[in-house]
Every structure is written in structure tokens, then in C-alpha cells.
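One structure is given below, encoded as C-alpha cells.
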Amino acid sequence: MVDPFRAFDVQVRGLRRLSPSFLRVTFTGDDLHEFADNGYDQRVKLVLPTPGAGVTRFPRGADWFKQWYAQGDERNPLRTYTVRAVRPESAEVDIDVVLHDDCAGPAGPAARWIAAAEPGSQAAIFGPNGLYDGFHGGLEFRPPAGFGTVLLAGDETAVPAIVGILERLPAHVTGEALLEVPHEEDVLPVAGAPGVRVTWLARGDAPWGARLEPAVAEAAARLLPAGAAGAEPEEIDVDADAEILWEIPETGDGPCYAWLAGEAAVIKRLRRHLVSERGMDRKAVAFMGYWRQGRSEDA
């Protein structure tokens with residue numbers, strides 16, 4: 001039995017600071033030539049080492065989660081990231097991580113590991129198995145067949161995913177991508193469909209979403225037909241403080257497909273605007289609360 005996801009033992013090959021808020025970590029490993037290159041917003045788990053054991057205790061196999069959870073305080077911390085690039089021929093995988101310089105409180109396990117990481121540092125990536133012949137999962141960008149217009153929006157935590165989506169879009173696709181980042185210096189090079197307008201929004205000292213929310217409203221007004229606004233308004237019963245703020249529609253219809261990710265409360269408001277105020281088909285809006293202000297990822 002070949003599992004769609006598996007653990008790859010890796011070590012850091014290199015670290016490159018892309019901007020004040022983004023660090024690219026290049027991993028290498030003996031089996032990374034079997035890591036599937038799915039592009040878009042491929043989500044993986046970075047398995048962080050524990051003192052004295054590294055990643056040797058991390059369970060392998062289909063029932064890994066049950067075994068991992070049962071380990072209690074001895075289990076390896078896991079953090080979710082988006083794959084930025086895969087080079088099977090070089091046995092390399094790139095992951096871009098956000099360096100949070102404005103978060104109060106003690107640093108979490110990922111921040112501590114990244115701060116100390118150097119070439120040779122050990123970890124593991126729980127990611128898509130290239131030997132599996134089927135859909136791996138962990139891809140949330142799933143527009144309907146034949147789509148032609150997109151609206152992509154997110155904060156810095158969604159930047160690697162949005163840039164990955166842009167790079168794989170068919171050339172005929174049009175639309176807009178809006179990326180809110182902490183600093184003007186966080187603007188990164190982007191290659192993608194020529195018909196998709198990319199706008200970087202430097203937040204500065206403003207709250208999360210302060211630049212993104214009005215920009216999404218303006219983009220929606222440009223992309224959606226005027227007659228769609230207000231058609232079939234819907235009250236979205238989604239609690240930004242709930243455990244999961246995540247919905248990936250399998251089908252949808254309409255002139256535009258939207259993909260939203262970032263801080264949960266901001267994403268909730270963006271989705272409500274598109275569906276309730278602009279009249280978008282709710283099945284044409286994928287939205288993901290990557291994180292919640294004041295809370296850390298538990299796993």
C-alpha cells in the first residue's frame with residue numbers, strides 16, 4: 001500500500017533571506033526525489049526535532065497521527081507550511097517561512113527552530129508521496145473546470161501559496177491577486193499569467209486586513225458584473241474563533257473564482273463581503289483561516 005502522504009527525513013541545505021519578513025529554507029534528503037511536485041498551494045507539515053531524539057520518534061505509516069498524538073509531551077511539534085518549489089533532480093524542497101517581528105509573547109517552537117537553523121539542521125517534512133498515483137490532498141486551489149477569472153487575496157502567511165498559484169495558472173486566466181505584507185520591502189518577484197494583476201499592500205503599523213479588505217472590495221467591484229451585487233444575500237454563520245475556519249467548495253459557478261487565506265477574522269469578513277454584498281456563489285469562494293490573532297497552531 002502506497003500512502004498519498006509520507007514523512008521525508010530532511011536536513012537544511014541553505015537559508016536565504018528574501019525580505020524583512022520572508023526566509024527561504026532549502027531542504028535536502030535522500031528520498032526527496034520521490035517528493036511530488038504538485039505546485040499551486042501544496043500544504044505540508046514541517047516536523048520539528050525534539051531534544052535528544054530529533055525526528056526519530058515521529059511515527060511512519062498510515063496511522064501516524066494516532067501514534068503521534070498518543071506520544072503526549074514527547075511528540076514532535078508540527079507546523080503547516082506551503083511548498084514553494086520542488087526540485088526532484090536535486091533532491092531539494094524550498095519552503096518560505098514568515099518571520100514575525102511584531103508578535104507579543106514567547107516564540108513558538110517553529111520560530112525557535114528557524115532562529116537556530118543552519119546547514120545540516122535536521123527535520124522532517126510530511127508531504128505528498130510521488131509514488132502515489134492519485135490525488136494527494138493538501139491542495140485547496142480547486143477552481144471549476146474551464147475557469148477564466150480569479151481573485152486571490154491573503155496576508156503574509158498566504159504569500160507563498162498565492163505566488164505558487166500564480167506560477168501555475170493557465171496563460172488565459174485573468175483577474176487580480178492582492179497580497180498584504182508587513183513592509184514595503186516584502187514585495188517579492190512574481191511570475192504568472194499576464195492577465196492577472198498583482199498588487200502588494202504594505203500594512204506598516206496598521207491592523208491586519210486594514211489594507212487588504214478595502215482592496216478586495218475594490219477588486220470585486222471591477223471583476224464582478226454590476227448586476228451581481230446584492231443578488232441572493234446570505235448570512236454566513238462562521239465563527240472566526242471556532243477551531244476551523246476552512247471551506248473548499250468542490251463545485252461552483254459564476255464569473256469569478258475566489259481564493260482567500262490568512263488571519264481568520266479578516267478572511268471571514270472578506271468572504272462575507274463577496275457572498276453577501278457582491279452576490280458571489282458561495283461555492284465559488286474558497287477560504288482558509290490559516291491562523292487566528294492571539295492563538296498559535298496547536299499541532
Side-chain angles (χ1 to χ4, degrees), residues 40-43 80-82 98 138-144 147-169 173-182 190 192-193 196-201 203 207-224 228-229 233-293 297:
Y40 292 106
D41 57 342
Q42 178 67 67
R43 185 163 34 90
T80 305
Y81 290 101
T82 300
V98 180
L139 283 170
E140 316 301 3
F141 183 75
R142 302 182 219 163
F147 76 103
T149 303
V150 296
L151 174 58
L152 310 172
D155 61 25
E156 58 265 35
T157 63
V159 164
I162 292 176
V163 174
I165 291 169
L166 289 169
E167 290 179 346
R168 297 291 180 105
L169 284 177
V173 172
T174 60
E176 300 203 29
L178 305 166
L179 305 97
E180 184 183 274
V181 292
V190 179
V196 178
R197 175 184 177 187
V198 179
T199 303
W200 294 83
L201 306 161
R203 186 174 57 247
W208 273 283
R211 298 291 311 281
L212 188 63
E213 292 184 50
V216 167
E218 293 170 6
R222 290 189 291 267
L223 296 176
L224 298 171
E234 175 193 37
E235 179 61 32
I236 303 168
D237 185 18
V238 176
D239 182 2
D241 291 327
E243 281 300 311
I244 298 176
L245 183 71
W246 202 282
E247 184 174 313
I248 311 300
E250 296 295 335
T251 61
D253 192 17
C256 182
Y257 175 80
W259 183 101
L260 315 170
E263 199 281 321
V266 174
I267 297 308
K268 174 186 174 181
R269 293 192 294 268
L270 293 180
R271 200 253 195 174
R272 177 181 286 121
H273 173 77
L274 293 179
V275 176
S276 296
E277 299 178 32
R278 295 300 309 177
M280 279 194 71
D281 179 356
R282 64 186 299 273
K283 294 182 179 179
V285 182
F287 67 105
M288 293 134 285
Y290 275 1
W291 64 287
R292 294 187 298 278
Q293 192 167 1
E297 186 177 357

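FYI, side chains are in, hydrogens and waters are out, and symmetry mates aren't considered; it's all heavy atoms of this structure. This is a predicted model, so every value here is computed, not measured.
Contact annotation: the side chain of Leu260 approaches that of Leu274 to within less than 4.5 Å [non-hydrogen atoms, C-beta and beyond]. At a threshold of 4.5 Å between non-hydrogen side-chain atoms, the residues Leu169 and Phe141 count as touching. Counting heavy atoms from C-beta outward, Glu263 and Trp291 have side chains that approach closer than 4.5 Å. The shortest side-chain heavy-atom distance between Tyr257 and Pro144 falls under the 4.5 Å cut-off.
The two atoms that bring Asp41 and Ala161 nearest to each other are CB-CB, 3.7 Å, heavy atoms only. Across Ala153 and Val216, no two heavy atoms sit closer than the pair CB-CG2, 3.7 Å. For Pro249 against Ala286, the heavy-atom pair with the smallest separation is CD-CA, 3.8 Å. A pairwise comparison of heavy atoms in Ala261 and Ile267 identifies C-CD1, 3.3 Å as the closest pair. When all heavy atoms are compared, the tightest approach of Gly175 to Leu223 is CA-CD2, 4.0 Å. Of all the heavy atoms in Gly154 and Ile162, the pair that sits closest is N-CD1, 3.6 Å.
The CG atom of Asp155 lies 11.0 Å from the CG atom of Leu201; values are rounded to the nearest 0.5 Å. Atom OG1 of Thr157 is separated from atom CE of Met288 by 10.5 Å, given to the nearest 0.5 angstrom. The CH2 atom of Trp200 lies 11.0 Å from the CG atom of Leu178; values are rounded to the nearest 0.5 Å. Atom CD of Glu247 is separated from atom CD of Glu140 by 11.5 Å, given to the nearest 0.5 angstrom. The CD atom of Glu176 sits 9.0 Å away from the SG atom of Cys256 when rounded to the nearest 0.5 Å. In this structure, CZ on Arg282 lies 5.0 Å from CZ on Arg271, to the nearest 0.5 angstrom.
Using a 4.0 Å cut-off between charged nitrogen and carboxylate oxygen, Glu180 and Arg211 do not count as a salt-bridge pair.
Residues meeting the salt bridge (Lys or Arg N to Asp or Glu O under 4.0 Å) test with Glu218, sequence neighbours left out: none. Listed by chain and number, the residues in a salt bridge (Lys or Arg N to Asp or Glu O under 4.0 Å) with Glu213 are Arg269 (sequence neighbours excluded). Evaluation of the side chain to side chain contact (heavy atoms under 4.5 Å, CB included) rule for Val98 yields Phe22, His100, Glu156 as partners, not counting sequence neighbours.
Of the possible polar contacts, one joining the Tyr40 side chain to the Arg168 backbone as a donor-acceptor pair under 3.5 Å is found.
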